[in-house]
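Below: the structure, in structure tokens.
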Amino acid sequence: QVQLVESGGGLVQPGGSLRLSCAASRIIFGAAVRAWYRQAPGNQRDLVARITSTGSTNYADSVKGRFTISRDKNTIYLEMKSLKPEDTAVYYCNFNGLSFDYWGQGTQVTASS
């Protein structure tokens, strides 16, 4: 069983920055897409950013120009800058392939003064 372990969440003032990490417990082959999602209270879980096996990236319109997704072996990162109160949510990482769909446990990000 693969585990995805997230870290890097926390409380930050609006305008601040955070870097999230998501590390897999073992090497995963065939992960076509690796992504970050977020879910605020009372809302559905939404895609924030995704990166494919070829390195192609996509972002939600609300985070374009502020967030950057990257990867290194079996770890993905989400660099978040100029954080806004509306970015407050639990952030989840996801590794998706033809025969699997792994999720992390979530890490809380709060942008508040």
Side-chain angles (χ1 to χ4, degrees):
Q1 181 69 18
V2 174
Q3 288 187 325
L4 302 184
V5 180
E6 296 135 341
S7 60
L11 173 64
V12 64
Q13 290 191 341
S17 300
L18 283 174
R19 188 190 195 212
L20 304 183
S21 300
C22 170
S25 57
R26 63 170 175 81
I27 295 175
I28 299 174
F29 296 101
V33 178
R34 306 175 191 197
W36 288 96
Y37 289 76
R38 67 186 181 188
Q39 187 170 20
N43 290 358
Q44 64 183 20
R45 189 174 296 187
D46 293 324
L47 177 68
V48 175
R50 64 195 292 267
I51 185 166
T52 69
S53 57
T54 61
S56 177
T57 59
N58 297 94
Y59 297 90
D61 287 343
S62 60
V63 306
K64 282 181 181 176
R66 300 187 298 121
F67 291 12
T68 303
I69 188 171
S70 60
R71 59 178 182 165
D72 178 22
K73 296 182 181 178
N74 255 17
T75 301
I76 59 171
Y77 305 94
L78 186 67
E79 190 79 37
M80 304 184 293
K81 298 181 179 179
S82 302
L83 281 160
K84 304 176 181 180
E86 51 263 43
D87 295 318
T88 295
V90 177
Y91 283 69
Y92 299 89
C93 60
N94 172 257
F95 284 31
N96 182 269
L98 288 178
S99 60
F100 59 84
D101 189 39
Y102 301 132
W103 289 89
Q105 81 286 355
T107 185
Q108 177 70 46
V109 171
T110 302
S112 174
S113 54

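In this chain, numbering begins with 1 at the start of the sequence shown.
- To the nearest 0.5 Å, atoms CG (Leu20) and OG1 (Thr107) are separated by 6.0 Å.
- Test Met80, Glu79, Lys81 against Thr68 for side chain to side chain contact (heavy atoms under 4.5 Å, CB included) and you get one pass: Glu79.
- Rounded to the nearest 0.5 Å, atoms CG (Leu11) and OG (Ser113) are 9.5 Å apart.
- Linking ILVMFWY side-chain heavy atoms closer than 4.5 Å, directly or via other members, places Ile28 and Leu78 in a single hydrophobic cluster.
- Considering only heavy atoms from C-beta on, Leu83 comes within 4.5 Å of Phe67 through its side chain.
- Within the 4.5 Å cutoff, side-chain heavy atoms of Gln108 are placed close to those of Thr88.
- The structure places CD1 of Ile51 at 6.5 Å from OG1 of Thr57, a figure rounded to the nearest 0.5 Å.
- The cluster map of Ile, Leu, Val, Met, Phe, Trp and Tyr, joined by side-chain heavy atoms under 4.5 Å apart, puts Val48 and Ile69 in the same cluster.
- Under the 4.5 Å side-chain criterion, counting only non-hydrogen atoms from C-beta, Glu6 is not in contact with Tyr91.
- Follow the hydrophobic side-chain contacts under 4.5 Å out from Trp36 and you never reach Leu47; the two are in separate clusters.
- Between Asp87 and Lys84, none of the side-chain N atoms (NZ, or NE/NH1/NH2) sits under 4.0 Å from a carboxylate O, so this pair counts as no salt bridge.
- Residues Thr54 and Thr52 bring a donor and an acceptor atom of their side chains to less than 3.5 Å of each other.
- No donor-acceptor pair under 3.5 Å is formed between the side chain of Arg34 and the backbone N or O of Cys93.
- Taking the six-membered ring for Trp and thresholds of 30 and 60 degrees, Tyr92 and Trp103 have ring planes more than 60 degrees apart, a perpendicular arrangement.
- Remark: side-chain polar atoms of Asn94 are paired, donor with acceptor, to backbone N or O of Tyr102 under 3.5 angstrom.
- A heavy-atom distance below 4.5 Å is not found between the side chains of Asn74 and Arg26.
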*Passes side chain to side chain contact (heavy atoms under 4.5 Å, CB included), Val5 versus Ser25? Steps please.*
CA-CA 8 Å; Val5 180; Ser25 57; over 6 Å; no

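- Tracing side-chain contacts under 4.5 Å through hydrophobic residues (I, L, V, M, F, W, Y), one never reaches Tyr37 starting from Tyr59; they form parts of separate clusters.
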